Trainee: 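The structure's right below; bear with me while I get my questions together.
Naming convention: chains lettered A, B, ... in sequence-line order (proteins, then strands); numbering from 1 in each chain. Everything numeric in this text was worked out from a predicted model, so none of it was measured.
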There are 2 protein chains.
Amino acid sequence: MAQAIPIRKNSPLKASCHQCSLSNLCLPLAIEENELERLEDIVQQGRIFNRGEHIFDQSTPFRSCFAVKSGSIKTSIITEGGDEQVTGFFMPGELVGLDSMSGESYACTAKALERTSVCEFPIEKLEELTGKMPELQHHMYHLMSQEIQNSHQLAMLLSKNTAEERIAALLLSLSSRFQRRRLSPTNFSLPMARNDIANFLGLAVETVSRVFTRFQNQGLIRARGREVELLDVEALQTVTREFSRQGCQ
Amino acid sequence: MAQAIPIRKNSPLKASCHQCSLSNLCLPLAIEENELERLEDIVQQGRIFNRGEHIFDQSTPFRSCFAVKSGSIKTSIITEGGDEQVTGFFMPGELVGLDSMSGESYACTAKALERTSVCEFPIEKLEELTGKMPELQHHMYHLMSQEIQNSHQLAMLLSKNTAEERIAALLLSLSSRFQRRRLSPTNFSLPMARNDIANFLGLAVETVSRVFTRFQNQGLIRARGREVELLDVEALQTVTREFSRQGCQ
DNA sequence: CGTCCAAATTGATCCATATCAACCTCGTAC
DNA sequence: GTACGAGGTTGATATGGATCAATTTGGACG
C-alpha cells in the first residue's frame, strides 16, 4: 500500500497530450495540434501520489513544474517556526510550481490531497521550448501573471473581508473550476479538510465550521462533511460582493 | 506645472541602459554587455509622472511593462464598490505590470507616489525579444515567480501576523531594498503615506500610527512623519519572526 | 506670516473572530 | 461488532484591532 504502483518503467512513459481530456485547460491549449508533439517530447507522464504524499517540498531542488492530471494538490509554505500557510489548491489542468522559478529549491511544499497523478515538465526543457514557441511562451507569461493576480485576490480577501465572504469566495472559486472541467458547479466534493480551508483563508477551524452551518441554516448550501451542494449561487455571489471573478485559487 | 516636461520628442528617446545606474537591478542585469543594445532598441525612456498621476489604471489596455527609474509607484486594485487594496510598492529598478500579462487591460492601477520617471517596455516587443534571448526569458520567469512569492508572503503576513509584525516586516523590506540601491538601510524616507501602509497591510490607519509610536517608545525606530530611522534592526527582525527574507514587496 | 485642508496622532469603546474546552461523528483496525 | 483517533461541530469567553471621535501637525498657498 505504501508501495507505489509500478507505472514508471525505466524510460518514462511518453505523454499523450493528444488523448488527454485536459488538453483544453492545460499547457496544450496554447499551441496548435500539429505542434503538440514537441510538448509531448519533454513531458514525463504518469507519476502517481497517494493522499498525503509530497510531490516536492521546500528542500527539494527545483527541477520541474507539474500539471495535475487527476486528484488535487495543496501548496503551502512552512516557516522555520513550523507554521504553515496554505498558498493554493490545484485541480486537474492546473500547473504547480510557477512560484518556484526564481530559486534553487521549491518555494513551497506540494502535497497530494487525495490519490493524484501528475505530468512533469522539466524546467530546462520547458524554457528551451518556450524560447522556440512564442505562443507557448506567451501562455507561460499568462499563467504566471494569473497566479500573481490570484494571490493578490487572496491578499485582498484576507485583509478586507469577513469570514463569510472569504468562504463564499472559496466555494464559488471551486465551483467555477469544476465547471471548467464540465463537472457540476453546484454539487461537488471538497478535496481539502476544514483545517486546510481555515489555514488558506486565515481563519480558525471553528470559524469555518460555524460559517458552514450558518450558510446551511440560511439555505445557501447543503454540506455533509466534504460533500457540498450550492443551493443559492446568486446569494453566495452577493455575500462575496466584489469577488465574482474567478479569483482566489 | 500641469504641463509635462518636454522631454519626449516626436520619436521617443532611445534609452541608454548602458549609462543607467540601475542596470544591475533592472532587466539589463540578465544579459551580456554586448547584447544590451537589443534591449535598448525596444525601450522607451523618459516618461515622467508627477505625484498622484496614474501610470495606468484598470481600464487602460495593457500594452507595456514599466521599470521604475526614479521615484516610486503604488499599485492597487480598485473594486466595483470603490474599495482599494494596495498590492505593492515599486522602487527604482523594479518592474511594474507583470500581473497584467494575462488580460486585455491592466489588472491594477499604478500611481506615482512622488515625482517618478519610468522606462517603458512594450510587451509585444519584449516577448519577441525574450523569445530570442534565453537569459532574458529566464529572467522574466524569475521576476514573475518572485512576484508570486512576494504576494504569498504578503498573504501570510495578513493571515498570520499581528499589526506589529506586519509593520516590522514592511520596514525591513524597504530597508533591504534601499540597501540594494546602495542607500542607507537604516535611514530613509517612506515614499508612501500611513494610509497606504495601512491599506497594504490590512490595518486601520490608527493602528499603524499606534504601532509606529510604540516602536518609537521601545527604541526600535525613530520616526518623524515619513522620515524613518531604524535604530535596532535585530529587534525588528525578532518582531517579524519568520519574515527575515526579502519578502513582502 | 497666517490660513486652510489633508494627514497623522491619541483616546474610548465595541465587535468579529480567536481561543479554550467539551463533545460528536465517522472511517478504520482489530 | 467494538474501540480508537482524527476530523468536525458547538458553546463560552477573551482580545486585538476596528471604529468613532477629538485633537494636533504640517505642508501648500495666498
Trainee: Base, sugar-phosphate alone, or nothing: which one does B:Arg214 contact when heavy atoms must sit under 4.0 Å apart?
Mentor: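 Since no nucleic acid heavy atom lies under 4.0 Å of B:Arg214, the category is nothing.
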Trainee: Counting only side-chain N and O atoms of B:Arg210, is one of them less than 4.0 Å from OP1 or OP2 of C:dT9?
Mentor: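 No, because none of the side-chain N or O atoms of B:Arg210 sits under 4.0 Å from OP1 or OP2 of C:dT9.
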Trainee: How about CZ on A:Arg51, more than 12 heavy atoms from neighbouring residues, nucleotides or ligands closer than 6.0 Å, or not?
Mentor: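 Atom CZ in A:Arg51 is not crowded, with 12 or fewer foreign heavy atoms closer than 6.0 Å.
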Trainee: Could you tell me which non-hydrogen atom of B:Cys119 sits nearest to which non-hydrogen atom of B:Lys69, and how far apart they are?
Mentor: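 For B:Cys119 and B:Lys69, the tightest heavy-atom pair comes out as SG-CD, 3.6 Å.
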Trainee: Between A:Thr207 and C:dT17, is there a contact of a side-chain N or O with OP1 or OP2 at under 4.0 Å?
Mentor: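 For A:Thr207, the contact criterion (side-chain N or O under 4.0 Å from OP1 or OP2 of C:dT17) is not met.
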Trainee: Where does the angle between the aromatic ring planes of A:Phe178 and A:Phe188 fall among parallel (under 30°), tilted (30 to 60°) and perpendicular (over 60°)?
Mentor: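 A:Phe178 and A:Phe188: parallel rings.
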Trainee: Return yes when atom CZ of A:Arg222 has more than 12 non-hydrogen atoms of other residues, nucleotides or ligands closer than 6.0 Å, and no otherwise.
Mentor: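 It does not: A:Arg222 CZ has 12 such atoms or fewer within range.
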Trainee: Among the candidates D:dA18, D:dT9, C:dT19, find the nucleotide nearest to the side-chain atoms of B:Ala204.
Mentor: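 That would be D:dA18.
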Trainee: Side chain of B:Glu206, heavy atoms from C-beta onward: which of C:dT17, C:dT10, D:dG8 has the nearest atom to it?
Mentor: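 That would be C:dT10.
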Trainee: Using atom NZ of A:Lys160 as one end and atom P of C:dT17 as the other, report the distance to the nearest whole Å.
Mentor: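 After rounding, the reported distance stands at 15 Å.
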Trainee: Both A:Arg226 and B:Val205 contact DNA chain D. Which one's nearest nucleotide lies toward the 5' end?
Mentor: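 That would be A:Arg226.
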Trainee: Nearest-Å distance, CD (A:Glu227) to P (D:dG7)?
Mentor: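 Those two atoms, CD and P, are 18 Å apart.
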Trainee: Estimate the overall bend of the helix from C:dC1-D:dG30 to C:dC30-D:dG1 from the end axes over five pairs each, rounded to 10 degrees.
Mentor: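 Helix axis angle between the two ends: 40°.
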Trainee: Whole angstrom is fine here: how far is it from CG in B:Asn199 over to P in D:dT19?
Mentor: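 Result: 12 Å.
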Trainee: Do NZ/NE/NH1/NH2 and the carboxylate oxygens of B:Lys111 and B:Glu84 come within less than 4.0 Å?
Mentor: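 Result for this pair is no, no salt bridge flagged.
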Trainee: Just wondering, are more than 12 heavy atoms of other shown residues or ligands nearer than 6.0 Å to CZ in B:Arg226?
Mentor: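 Enclosed.
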Trainee: If you pin B:Thr213 and A:Arg224 to their nearest nucleotides in DNA chain C, which one's is more 5'?
Mentor: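 The answer here is B:Thr213.
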Trainee: How many Å lie between CD on A:Gln216 and P on D:dG8, as a whole number?
Mentor: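 The answer, rounded to whole Å, is 15 Å.
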Trainee: Does the salt bridge (charged side-chain N to carboxylate O under 4.0 Å, His left out) test come out yes or no for A:Arg47 and A:Glu53, once each step is laid out?
Mentor: CA-CA 12 Å; A:Arg47 300 207 42 192; A:Glu53 284 183 349; over 6 Å; no
Trainee: How many whole angstroms separate atom CG of B:Leu157 from atom P of D:dG17?
Mentor: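 So the two atoms are 12 Å apart, to the nearest Å.
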Trainee: Just compare C:dT10, D:dG26, C:dA8 and give me whichever is closest to any side-chain atom of B:Ala193.
Mentor: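 Between C:dT10, D:dG26, C:dA8, the one nearest the side chain of B:Ala193 would be C:dA8.
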Trainee: What's the CZ-P distance between A:Phe215 and D:dT9, to the nearest Å?
Mentor: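 The distance from CZ of A:Phe215 to P of D:dT9 comes to 14 Å, rounded to the nearest Å.
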Trainee: What is the distance, to the nearest angstrom, from the CZ atom on A:Arg166 to the C1' atom on C:dA18?
Mentor: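 From A:Arg166 CZ to C:dA18 C1': 12 Å.
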Trainee: For D:dT10 and A:Ser209 - does any side-chain N or O of the residue sit under 4.0 Å from the phosphate oxygens OP1/OP2?
Mentor: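 No, A:Ser209 has no side-chain N/O under 4.0 Å of OP1/OP2 on D:dT10.
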Trainee: Mind calculating the distance between CZ (B:Arg194) and C1' (D:dT24) to the nearest angstrom?
Mentor: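 Checked: the CZ to C1' distance equals 14 Å.
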